[in-house]
Amino acid sequence: MSDPIKPVVVGSQAAGGGPTDDLVDGLNEPQREAVTYRGPALLIVAGAGSGKTSVLTRRIASLLRSREAWPSQILAITFTNKAAGEMRERVRGLIGDTAQGMWISTFHSACVRILRREAEQFGFTKNFTIYDSGDSRALIKRLVKEHEADAFGLTPASVQGRISKLKNELADAESYARTANLSDPAERIFVELFADYQRALQRANAFDFDDLIGQTVYLFRAFPHVADVYRRRFRHILVDEYQDTNHAQYALIHELTRPPGAEGAEHGGGMMIFDAPTGDAASLTVVGDSDQSIYAFRGADIRNITEFERDYPGAKVVLLEQNYRSTQTILSAANAVIGNNFDRKDKKLWTDRGAGDPIIGYTGYSQHDEAQFVADEVEALRRRDIPYGEMAVFYRTNSQSRALEEILIRAAVPYKIMGGTKFYDRAEIKDALAYVIAVANPADELSVRRILNRPRRGIGDVTETSIARYAADEGISFRDALANPSALGVGPKIQQAIAQLDAVLAEASAIMLPPSGEVAPPTAVTEGLNVLLNKSGYLDALRRSKDPQDEARVENLDELVAVTREFARNNPEGTVLDFLTEVALVSDADDLDDASGVVSLMTMHTAKGLEFDAVFVTGVEEDLIPHRISAGEPGGPQEERRLFYVALTRARKKLHLSLAMTRAQFGEVTAAMPSRFLQEIPHDLIDWRQSPGDVNSRGGTQSRALNARRPGGGYGGSGGSRYGDDLVPLPRREKPAGDIAKFANRIPAKVRDNGELELAPGDRIRHDDFGEGRIDMVTGEGAKRVAHVRFDTAGPKKLLIKIAPIAKL
DNA sequence: CCCTATCGATTTTTT
DNA sequence: ATCGATAGGG
């Protein structure tokens, strides 16, 4: 078939024995087609683990190698920066350094790049900054307060959410006002807030996350000649994770894939169309899997992919259904679960790798017990030569990571949390960056206000307001008002403090923003940051503080300085704005850098696109997955099912599903029920170490993890450890023969649920373990109802009524 | 203007 | 349980 020795390639045809041969080696037929098909539009429906990244990189490589495209004509959009980096590396691995000059980036990064070039077209300058959600929440919070909008039930969070949603739909305050019911005062206020917010952003020379996309679309629509530049430039556009694009992103792609020049010609503009091929629209390749659409909550529209063929008539569709990642057992479970979503195109993943091991299930008494199972199992797998770096623990909500962390620390399991409280969300880091922004983009009032009294300078609300008023009166910026403290009408001490701050900012400015034309040295960002942190007194204040946490804050700032050095090393030409951009756009999944060699903990959302030898999906309970809030939302439970599906399909060899019978939240213990999704998995695929039925029949609500645990011991069986301390705990718990019929995997249906049981003080009850007793009182409500019982022999106990093995006498 | 104590809400997922 | 916001005293 293919020559072992690659001949020197002369022709440039992709088809028939061309230079693409080695790029399709080892691919199956649909994959091969996805790499070699040429046409205006291609949809690759790529099931989980079907090798889509490989296909995408080879497709790019083949375009380049056959000279169908120059690197600069390629725009590839990925979901995270990390994925972009990997794709770039893999393309380089295939065809070498000729891959330089491609745009491989996220939607957001690509838009920043475009906006920096074109910002001047519409009222921004190219040193605009980017507001993350925390920044925009702070701004919205101030506006809500100013408008006293809380009186109308508008909270900062709800306003932010609605604005974001509208922006994803490419609506602005004006267009929204046209459709809104303005006789409702709350609606009127909201429209005002929206408009004010947008004005504030513009004045601050800043974009929020949603604007990065939306304003780029606006730019393309308002200035067709600008759009044409990019339409001519990008001849091949590839979009990964297309099922998670929202309307704005969809529109952006649409703008880019129009034929260039069309509009200019219509308007009679003297377009210069002498490059013949540039009259055509760019070719578009999208890759996605509607079963993995998990971002509808932030505006992702599954129809973008389901209706692709309608949007791009004549589009070629390729289906990748063979899975190269997981065992058949894992796939069967995943297929069974996703099959319960009714509105999907049926698609069944298959593999030829064999059944593999059964899925392991475990039911803990508490989330700590569950975490202990994870820790023990991780250690057991480690002893069987699965590296820590090949294991991952998933959960639905970030708050679930706490218990896991506690136990993993205790068990000395090295781990890393992806996302969660992120480095760049820490207060001290945001402060430091606000200093930098105050220098790089002085129009950004929010940042200047933020650093005004950090460290404490004696500048409070009163002074801040007078600065703002002075700035407004003089028609100058908030930042510039700081240069003239004596005019503010504040005390001499405070004037002094303001003057000092102004001087520090000016000094850093001289370092980081050299006069136009000159290029700042690579060290500029590091130096400037150091000046800001030291001369502002910020570091001194932390070092002097007696709060033990402040020591860690100093270390974090040291790390930020290290980040600037690293940045300078990677981007010798990088400006302070490049630095800020990079920092603003890092995502949860991006800081995987040093995650090698440790177990990864993350939400199921963050897990998208990753894969591990061994996966633990925890908290498989009703109200968690599917999450209780999603239950009421249209399409909610279905999206939750997809999320669960994504989680399952991350596993290559070992899949563990665990849950807890009780879970503490808000400090209170509540009873949990197994997730409905568990029942959707064929029962013979799961090998329960401890099934919900087991736990229930044994009764009790106490956590075994923290009490009856011994180092090296196993999970909390009712009798404690039943093997020696240093034994490998894996092949434990032989099922007694007769047990299988009783317990084997027929779990969730028959879990005890005393939810309806009415108990009153004085009632006599019988408990499976504690015997008979009398009710003292009942507290709590619903799933949290607790019976305070005085047992005849066992003494006083508190029991969760919903799950305790009790009966009224 | 700063510090501290109390109260309240908070936990869905994120570029 | 923990974080943040608010209010009242120093």
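Computed from a predicted structure; not experimentally measured. Just so it is clear: chains get the letters A, B, ... in the order the sequence lines come, proteins before strands, and each one is counted from 1.
With sequence neighbours excluded, the residues that form a salt bridge (Lys or Arg N to Asp or Glu O under 4.0 Å) with A:E89 are A:R92. The salt bridge (Lys or Arg N to Asp or Glu O under 4.0 Å) test applied to A:E241 returns A:K52, A:K608, not counting sequence neighbours. Evaluation of the salt bridge (Lys or Arg N to Asp or Glu O under 4.0 Å) rule for A:R142 yields A:E146 as partners, not counting sequence neighbours. Remark: A:A119 engages A:F124, A:F128 in a side chain to side chain contact (heavy atoms under 4.5 Å, CB included) (not counting sequence neighbours). Every side chain to side chain donor-acceptor pair (under 3.5 Å) that A:N304 has, sequence neighbours left out, goes to A:T245. Applying the salt bridge (Lys or Arg N to Asp or Glu O under 4.0 Å) rule to A:D550 yields the partners A:R553; only residues at least two apart in sequence or on another chain are considered. Here A:Q202 pairs with nothing under the side chain to side chain donor-acceptor pair (under 3.5 Å) rule; sequence neighbours left out.
If you take CE of A:M602 and P of B:dT14, they are 11 Å apart, rounded to a whole angstrom. B:dT13 atom P lies 13 Å from atom CD1 of A:I417, rounded to whole Å. In this structure, the NE2 atom of A:H368 is 11 Å from the P atom of C:dA1, given to the nearest Å. B:dT14 atom C1' lies 13 Å from atom CD1 of A:I213, rounded to whole Å. Between the CD1 atom of A:I163 and the P atom of B:dT15 there is a distance of 20 Å, given to the nearest Å. Spacing between atom CG of A:N246 and atom P of B:dT14 amounts to 16 Å, rounded to whole angstrom units.
Counting non-hydrogen atoms under 4.0 angstrom, A:F107 reaches nothing in the nucleic acid. Using a 4.0 Å heavy-atom criterion, one finds that A:N453 contacts the sugar-phosphate atoms exclusively. Heavy atoms of A:S399 sit under 4.0 angstrom from at least one base atom. Among the protein residues, A:S630 comes within range of no part of the nucleic acid, since none of its heavy atoms lies under 4.0 Å from any strand.
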Each nucleotide N or O in nucleotides 3-10 of chain C that has a protein N or O under 3.5 Å away: list the pair and distance.
residue, atom, partner, partner atom, Å
C:dA5, OP1, A:K141, NZ, 2.8

Distances for protein N or O near nucleotides 3-5 of chain B N or O, under 3.5 Å:
residue, atom, partner, partner atom, Å
B:dC3, OP2, A:R456, NH1, 2.7

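Toward the 5′ end of DNA chain B lies the nearest nucleotide of A:G460, the other residue of the pair A:H108 and A:G460 mapping further downstream. Comparing A:H627 and A:Q249 by the nucleotide of DNA chain B that holds the closest heavy atom to each, the one mapping nearer the 5' end is A:H627.
Here the side chain of A:N398 is nearest to one of C:dA1, B:dT14, B:dC1, namely B:dT14.
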TODO: Report the C-alpha distance between A:K430 and A:D132 in whole Å, list the side-chain angles of each, state the deciding distance to 0.1 Å, and finish with yes or no for salt bridge (Lys or Arg N to Asp or Glu O under 4.0 Å).
DONE: CA-CA 11 Å; A:K430 297 227 73 166; A:D132 66 21; 2.7 Å; yes

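A salt bridge links A:R642 with A:E639: the distance from a Lys NZ or Arg NE/NH1/NH2 to an Asp or Glu carboxylate oxygen falls below 4.0 Å.
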